[in-house]
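What follows is a short report on a single structure.
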Amino acid sequence: SLSERLTATFAHLRGKGRLTAADIDSTVREIRRALLDADVALEVVKAFTAAIRTRALGKEVSEALNPAQQVVKIVDEELVSVLGGSTRRLHLAKVPPTVILLAGLQGAGKTTLAGKLGRALAAEGHTPLLAACDLQRPDAVTQLRVIGEQAGVPVFAPEPGNGVGDPVRVARDAVVEAGAKQYDVVIVDTAGRLGVDAELMDQAKRIREAVQPDEVLFVIDAMTGQDAAATARAFRDGVGLTGVVLSKLDGDTRGGAALSVVSVTGAPILYASTGEGLDDFEVFHPDRMSRRILD
Amino acid sequence: FGGSRPIDEQTWEQLEDALILGDLGAEASERLVAGLRAQAERLQVRDERDLRSMLRDALAEELSENDPTLHLRRPADAEGRALPAVVLVVGVNGVGKTTTIGKFARFLSRLGKRVMVGAADTFRAAAVEQLATWAERGGAEVVRPERAGQDPASVAYQAVAHGIEENADVVLIDTAGRLQTKAGLMDELSKIRRVVEKLAPVAEVLLVLDATTGRNGIAQAEAFLNHAGATGIVLTKLDGSAKGGFVLSAREEAGIPIKLIGVGEGIDDLHAFNAEAFARDLVG
Ligand SMILES: Nc1nc2c(ncn2[C@@H]2O[C@H](COP(=O)(O)OP(=O)(O)OP(=O)(O)O)[C@@H](O)[C@H]2O)c(=O)[nH]1
Ligand SMILES: Nc1nc2c(ncn2[C@@H]2O[C@H](COP(=O)(O)OP(=O)(O)OP(=O)(O)O)[C@@H](O)[C@H]2O)c(=O)[nH]1
Ligand SMILES: [Mg+2]
Ligand SMILES: [Mg+2]
């Protein structure tokens, strides 16, 4: 853990009296290594440790009874501040329906999330409609239908998918359907796509323009490594993001991707998906995530 | 280009950064660059391009240390009759197992093999339908569960039994995604393997790993080696910006060779692993 590493580093420095800039440098190197080992993206580690270094040079560390713990406390505070700083509730439209667009890489957990989010909103008294706009992945429409059934949430799936149908049109029609049938939330599931796929990023942008969503949620696998920064940037610039959902947090990955994505996009992590079940869904806890990354 | 590029302190930093960005990990990146630095000193290397080529060679060499051949020869039973080569496909959720089976079926069918696939993911929504679609595209027959929520080991058994009956050359078994931290699910996988082995030896256990994964890929390799006896890695989604560098440590820790790579969502997007090409993509 970072705490153990820094305690060892400072034990080595104890009895030296004042901490020098070189001492702080070796401390910052430990922090850098810990964050990289936790999968935080390199550019984010560099910016983050620069901020830590500035604070670590100050009196709060040099005059601390236990400087190692003080540095760990600073890192934890900075991490929680970035991860949770702009935390908020879901944006709901003034005039329904609220439109939530799900986007992300292949296999991140979007389709499953559509069911979870729908179910959670229904439990809060909403009337959600799931829109099957992944017309590409084999049997994605069927998958969403089954999930909708399990979640007790209706699914709008006018096209069979498997290459047939236009996702932009289905998305637009889903919002019209919601208006007509009085659903107050539309959750749009889309095909997984690469940040480097210009054509599909453009499609995502056109889906967004067609439905003017109240939320564009970037769904990312918590075990994502260095690529989290490049991918988050591509989706931020290509589609636009308002919020993030971290998935598969029930695994044992440290989850540094959380820091990467928030740092690069400025969008808050709203939810955490913690399993394959429809109820494995919760509000995101920045303090828990910080402890997990620094563990 | 023309002239040589001189080496300075920045050169070493840039090389190390490139490896870290490729998910090699901080420790492995430092080790490789330190080794390279010592080697460059000894050999009086002056041009940065030579450094890069030395680094590529070092990486490629490490990645080639395990045999990347796919073992698909049909084994014989006690009476000397040919059994199908059975391949289990395993890995965590969403990495590309089902898609890879479709691609692999196509690849094998093109070689004239008779391929059968077993839909032993009896848990996830529309998993059987998705596999059936891929099987059809790949020219393989699909063995579906007889009832909803059927024990996956039983479906796998039925698929192999049917493959033996039909004289299939290869039986590919799809399994549900499972995080390696779930003890019950990892036990289920061991059971699937044991049950299948009552009918035929398992020729390959392909562990599918997603190139976008960070350090956790190493833990996945170790766990699937211990619980399923993984014999080969399929590294998918290399058509994206991720490099999948964690496989270097996975190979070191678990000793599983990388045999195949997935480079897209199309049926032909499956290629044999090439260590030199991989190293070149990582180092530049
Ligand atoms: N363990 C675990 N598995 C999850 C979680 N969320 C989703 N999954 C699983 O991850 C796999 C992929 O989920 P999908 O919902 O199909 O992902 P997707 O983003 O829609 O995938 P594409 O449409 O192909 O891009 C499935 O096996 C899900 O059951 C989670 O929080 N924990
Ligand atoms: N870009 C790209 N996408 C891929 C590749 N391989 C698979 N995919 C996509 O990744 C997503 C998940 O693929 P699946 O085959 O469903 O993965 P899985 O491991 O079977 O998932 P579960 O059964 O839910 O655990 C799909 O959208 C695939 O099209 C690849 O090599 N490149
Ligand atoms: Mg999906
Ligand atoms: Mg699957």
Side-chain angles (χ1 to χ4, degrees), chain A residues 32-43 45-46 105-109 111-112 115 136-150 162 191-197 220-231 234 247-248 250-257 275-276, chain B residues 16-27 29-30 92-99 102 123-137 176-182 185 210-217 219-220 223 236-237 239-246 262 264-265:
Chain A
R32 168 192 152 107
R33 169 59 82 92
L35 294 177
L36 287 175
D37 286 351
D39 288 325
V40 180
L42 185 62
E43 65 181 88
V45 172
K46 288 183 179 179
L105 292 175
Q106 290 86 349
T111 305
T112 315
Q136 180 181 309
R137 167 174 156 157
D139 304 86
V141 174
T142 308
Q143 184 189 6
L144 190 68
R145 277 188 187 284
V146 172
I147 285 173
E149 213 167 299
Q150 290 170 348
N162 289 13
R193 65 201 67 219
L194 296 173
V196 297
D197 187 330
I220 184 159
D221 193 325
M223 68 182 82
T224 307
Q226 292 292 311
D227 195 51
T231 292
S247 70
K248 306 178 204 172
D250 44 321
D252 62 356
T253 191
R254 301 269 292 283
E276 292 193 77
Chain B
E16 192 174 302
D17 279 6
L19 297 182
I20 290 174
L21 284 170
D23 274 313
L24 241 72
E27 186 164 333
S29 303
E30 279 179 26
V92 304
N93 307 73
V95 293
K97 299 178 290 300
T98 307
T99 308
F123 170 73
R124 210 210 66 207
V128 174
E129 286 85 336
Q130 182 192 8
L131 182 72
T133 298
W134 274 117
E136 180 170 11
R137 291 179 186 180
R178 66 203 69 223
L179 297 185
Q180 75 279 12
T181 45
K182 317 240 157 152
L185 294 182
D210 185 327
T212 65
T213 310
R215 302 282 79 205
N216 201 256
Q220 292 174 25
T236 60
K237 306 181 196 173
D239 46 320
S241 42
K243 306 288 184 198
F246 66 89
E265 300 187 77

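Every chain is numbered from 1 and lettered A, B, ... according to where its sequence line falls, protein lines coming before strand lines.
Interface remark: of the candidates B:G22, B:G177, B:S241, B:S241 forms the most heavy-atom pairs closer than 4.5 Å to chain A. Counting heavy-atom pairs closer than 4.5 Å to chain A, the top residue among B:K243, B:R215, B:K182 is B:R215. For the options A:L144, A:D250, A:V196, heavy-atom pairs under 4.5 Å to chain B are most numerous at A:D250. Looking only at heavy-atom pairs under 4.5 Å with chain B, the residue among A:N162, A:T253, A:D227, A:I147 that has the most is A:D227.
Between B:R124 and A:Q143, some side-chain heavy-atom pair lies under the 4.5 Å cut-off. The shortest distance between side-chain heavy atoms of B:L21 and A:E43 does not fall below 4.5 Å.
Here the straight-line distance linking atom CG of B:L179 with atom CE of A:M223 works out to 5.5 Å at 0.5 Å rounding. In this structure, CG in B:N93 is found 8.5 Å from OG1 in A:T112, a value given to the nearest 0.5 Å. The CG atom of A:L36 sits 12.0 Å away from the CD atom of B:E27 when rounded to the nearest 0.5 Å. A:D221 CG to B:T213 OG1: the interatomic distance, rounded to the nearest 0.5 Å, is 6.5 Å. Rounding to the nearest 0.5 Å places CG of B:D23 at 9.5 Å from OG1 of A:T224.
Between B:E30 and A:R33 a salt bridge is recorded (basic side-chain N to carboxylate O distance below 4.0 Å). Salt-bridge formation is detected for the pair A:K46/B:D17: a Lys NZ or Arg NE/NH1/NH2 atom is positioned less than 4.0 Å from an Asp or Glu carboxylate oxygen.
Minimum interatomic distance between A:G251 and B:T181 (heavy atoms only, all atoms of both residues): CA-OG1, 3.8 Å. The two residues A:P138 and B:Q130 have their closest heavy-atom pair at O-CG, 3.6 Å.
Heavy-atom distances place no part of A:R254 under 4.5 Å from chain B, backbone and side chain included. Within the 4.5 angstrom heavy-atom criterion, no atom of B:F246 approaches chain A. In this structure, the portion of A:L105 lying under 4.5 Å from any heavy atom of chain B is its side chain and not its backbone. Proximity to chain A (any heavy atom under 4.5 Å) is restricted, for B:V92, to the side chain, taken from C-beta onward. Looking at A:R145, neither its backbone nor its side chain comes within 4.5 Å of chain B, counting heavy atoms on both sides. Looking at A:D197, there are no atoms closer than 4.5 Å to chain B (heavy atoms on both sides), in backbone or side chain.
In summary, the side chains of A:Q106 and B:E265 do present a donor paired with an acceptor at a separation below 3.5 Å, with no hydrogens or angles considered.
Within a 6.0 Å radius of CD in A:Q150, more than 12 heavy atoms belonging to other residues, nucleotides or ligands are found.
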### Message
Walk me through whether B:T133 and A:D139 qualify under side chain to side chain donor-acceptor pair (under 3.5 Å).
### Response
CA-CA 8 Å; B:T133 298; A:D139 304 86; 2.5 Å; yes

